[in-house]
Amino acid sequence: MDTTSSKFLHNQFTSNDVDVLSKESLYNGFFKMTKVAFRHQLFSGGWSDIIERELFERGHAVALLPYDPLSDRVVLIEQIRVGALESQSPWQYEIVAGMIDKGESAEQVAIREAEEEAGIFVSCLEKISHFYPSSGGCTEKLDVFVGCVDASKAEGIHGLEDENEDIRVHVVTREEAYALVTRGIIENAASIIALQWLELNVSRLRSQWNS
């Protein structure tokens, strides 16, 4: 057995090794900001000094790569993003995504958002991964899925009017979508992860879903 690699399978510490001393609400609007004071166990033994950090509380989200295994095409969406206002173009190419509301499962959100943002029905789902986009200061965690869709049904402009969404749908080949990643045009982490995963798993996925 390779003990060198196996030691990384489990963390040495858990949440029980953190002592949260206080939480102070700094802002409560569309998003939340909280000031947290805590200390934690050290790798060398003992406890850290008290640490204070501002924490951006965004909630948890789901991202879905809509994939058509028959035509080998993917569905991308394009919308303006406030975090990219200083980019060359604030309109970002992404996969479908949305926040998890209370009482919803990640799978339910993936199916709902596919309909709201792209007007398409997801016939089956497969979990790709989950990740923290910026765990140094944000609570958000994303579950990433790939969903089986009929890409011929994806077209037009979508989004919820009460959320001021203005979302344009694009249907491209899998190769074209991945080229947007390699050329640095797609800048969204969940989209990059999902499209790279698809490149590694496309043969197995097409065989499974087309059967």
Side-chain angles (χ1 to χ4, degrees), residues 2 5-6 8-9 60-81 83-84 87-100 105-136 138 140-156 158-159 167-211:
D2 185 355
S5 60
S6 64
F8 294 106
L9 295 178
H60 299 310
V62 172
L64 169 74
L65 172 60
Y67 176 62
D68 186 333
L70 289 175
S71 64
D72 198 22
R73 295 188 296 172
V74 302
V75 179
L76 299 177
I77 60 173
E78 179 186 5
Q79 62 182 317
I80 192 168
R81 288 304 202 184
S87 177
Q88 181 177 353
S89 175
W91 279 264
Q92 298 279 295
Y93 291 105
E94 302 174 346
I95 60 175
V96 167
M99 304 303 297
I100 301 178
S105 68
E107 291 80 4
Q108 288 173 327
V109 176
I111 293 170
R112 170 173 58 79
E113 290 293 336
E115 182 178 356
E116 290 179 2
E117 296 191 343
I120 49 177
F121 170 75
V122 178
S123 60
C124 57
L125 287 169
E126 180 170 327
K127 179 76 173 286
I128 292 177
S129 185
H130 64 269
F131 71 100
Y132 287 94
S134 186
S135 59
C138 181
E140 181 182 26
K141 183 175 74 172
L142 266 85
D143 289 309
V144 185
F145 293 87
V146 60
C148 184
V149 302
D150 179 355
S152 68
K153 306 293 185 182
E155 60 181 358
H158 299 270
I167 301 170
R168 183 164 64 177
V169 170
H170 299 273
V171 178
V172 298
T173 66
R174 175 176 50 83
E175 291 87 350
E176 289 170 333
Y178 191 61
L180 295 177
V181 173
T182 59
R183 291 162 54 196
I185 294 175
I186 289 182
E187 301 176 298
N188 173 269
S191 303
I192 294 170
I193 290 169
L195 288 167
Q196 288 179 332
W197 181 92
L198 183 60
E199 287 299 296
L200 295 173
N201 293 273
V202 63
S203 295
R204 189 265 305 167
L205 200 62
R206 293 192 75 185
S207 175
Q208 177 180 325
W209 282 354
N210 285 335
S211 63

S.K.: Any Lys/Arg nitrogen of Glu187 or Arg81 sitting under 4.0 Å from an Asp/Glu carboxylate oxygen of the other?
M.R.: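 Salt bridge between Glu187 and Arg81, a charged N being under 4.0 Å from a carboxylate O: no.
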S.K.: Would you compute the distance between atom CD of Gln92 and atom CD of Glu78 and round it to the nearest 0.5 angstrom?
M.R.: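 The CD atom of Glu78 is 9.5 Å from CD of Gln92, to the nearest 0.5 Å.
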S.K.: Between Leu142 and Ala190, what is the shortest heavy-atom contact and its length?
M.R.: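 Shortest heavy-atom contact: CD2-CB, 3.8 Å.
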S.K.: Show the numbers, then the answer: is there a side chain to side chain contact (heavy atoms under 4.5 Å, CB included) between Asp68 and Asp150?
M.R.: CA-CA 6 Å; Asp68 186 333; Asp150 179 355; 3.8 Å; yes
S.K.: Enter the distance from Ser134:OG to Glu140:CD here, rounded to the nearest 0.5 Å.
M.R.: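 Rounded to the nearest 0.5 Å, the OG-CD separation comes out at 9.5 Å.
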S.K.: If I take atom SG from residue Cys124 and atom CG from residue Leu205, how far apart are they, to the nearest 0.5 angstrom?
M.R.: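 Atom-to-atom, Cys124:SG and Leu205:CG are 8.0 Å apart.
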S.K.: Taking atom NZ as the centre, does Lys153 end up with more than 12 heavy-atom neighbours from other residues, nucleotides or ligands that are less than 6.0 angstrom away?
M.R.: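 Result for NZ/Lys153: open.
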S.K.: Nearest 0.5 Å please: distance from the CZ atom of Arg206 over to the OG atom of Ser71.
M.R.: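 Going from CZ on Arg206 over to OG on Ser71, the span is 8.0 Å.
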S.K.: Between Arg174 and Glu199, what is the shortest heavy-atom contact and its length?
M.R.: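 The pair with the smallest heavy-atom distance is NH1-OE2, 3.0 Å.
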S.K.: Can you tell me if His130 has over 12 outside heavy atoms packed within less than 6.0 Å of its NE2?
M.R.: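 Not more than 12 within 6.0 Å, no.
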S.K.: Are the side chains of Ile100 and Gln108 in touch, meaning some heavy atoms are under 4.5 Å apart?
M.R.: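 Counting from C-beta outward, Ile100 and Gln108 never come under 4.5 Å.
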S.K.: Under a 4.5 Å cut-off applied to non-hydrogen side-chain atoms, are Pro133 and Cys138 in contact?
M.R.: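 Result no, sub-4.5 Å side-chain heavy-atom pair not found.
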S.K.: Working to the nearest 0.5 angstrom, can you tell me the gap between Leu65 CG and Gln196 CD?
M.R.: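 It comes to 12.0 Å.
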S.K.: With a 4.5 Å heavy-atom cut-off, do Glu113 and Leu64 have their side chains touching?
M.R.: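 SC-SC contact between Glu113 and Leu64 ruled out.
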S.K.: Looking at Glu115, I'd like to know if its CD atom is crowded, meaning that more than 12 non-hydrogen atoms belonging to other residues, nucleotides or ligands lie closer than 6.0 Å.
M.R.: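 Counting neighbours around CD of Glu115, 12 or fewer heavy atoms of other residues, nucleotides or ligands fall under 6.0 Å, so no.
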S.K.: Please determine if Glu107 and Lys127 form a salt bridge, counting it only when a charged side-chain N lies under 4.0 Å from a carboxylate O.
M.R.: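 Between Lys127 and Glu107 there is no salt bridge, as every charged N stays at least 4.0 Å from the carboxylate O atoms.
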S.K.: Quick check on side chain to side chain contact (heavy atoms under 4.5 Å, CB included): which of Leu195, Ile192, Leu76 does Leu180 satisfy it with?
M.R.: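 Output: one option passes, namely Leu76.
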S.K.: I want to check something: taking the side chain as every heavy atom from C-beta on, are Ile95 and Val74 in contact at a cut-off of under 4.5 Å?
M.R.: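 A side-chain contact is absent here, since even the closest heavy-atom pair is not under 4.5 Å.
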S.K.: Treating Ser207 as the side-chain partner and Arg204 as the backbone partner, does any N or O pair qualify as donor plus acceptor under 3.5 Å?
M.R.: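 A pair under 3.5 Å: no.
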S.K.: Step by step, work out the side chain to side chain contact (heavy atoms under 4.5 Å, CB included) result for Arg73 and Ser152.
M.R.: CA-CA 9 Å; Arg73 295 188 296 172; Ser152 68; 4.2 Å; yes
S.K.: Closest heavy-atom contact between Val96 and Glu117?
M.R.: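 For Val96 versus Glu117, the nearest heavy atoms are CA-OE1, 3.5 Å.
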S.K.: What are the two closest heavy atoms between Gly147 and Leu125, and how far apart are they?
M.R.: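 Minimum heavy-atom contact is CA-CD2, 4.0 Å.
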S.K.: Does the plane of the ring in Trp209 sit parallel, tilted or perpendicular to the ring in Tyr67? Use 30° and 60° as the thresholds.
M.R.: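 It falls in the tilted class, 30° to 60°.
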S.K.: Treating Glu94 as the side-chain partner and Ser191 as the backbone partner, does any N or O pair qualify as donor plus acceptor under 3.5 Å?
M.R.: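 Looks like no, no N/O pair under 3.5 Å.
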S.K.: What distance do Ile185 atom CD1 and Ser89 atom OG have between them, rounded to the nearest 0.5 Å?
M.R.: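 Rounded to the nearest 0.5 Å, the CD1-OG separation comes to 10.5 Å.
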S.K.: If you take all heavy atoms of Glu116 and His158, which pair is closest and at what distance?
M.R.: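 So the two residues come closest at O-CB, 3.3 Å.
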S.K.: Give me the atom names and distance for the closest heavy-atom approach of Ala154 to Ile120.
M.R.: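 Reported closest heavy-atom pair: CB-CG2, 3.6 Å.
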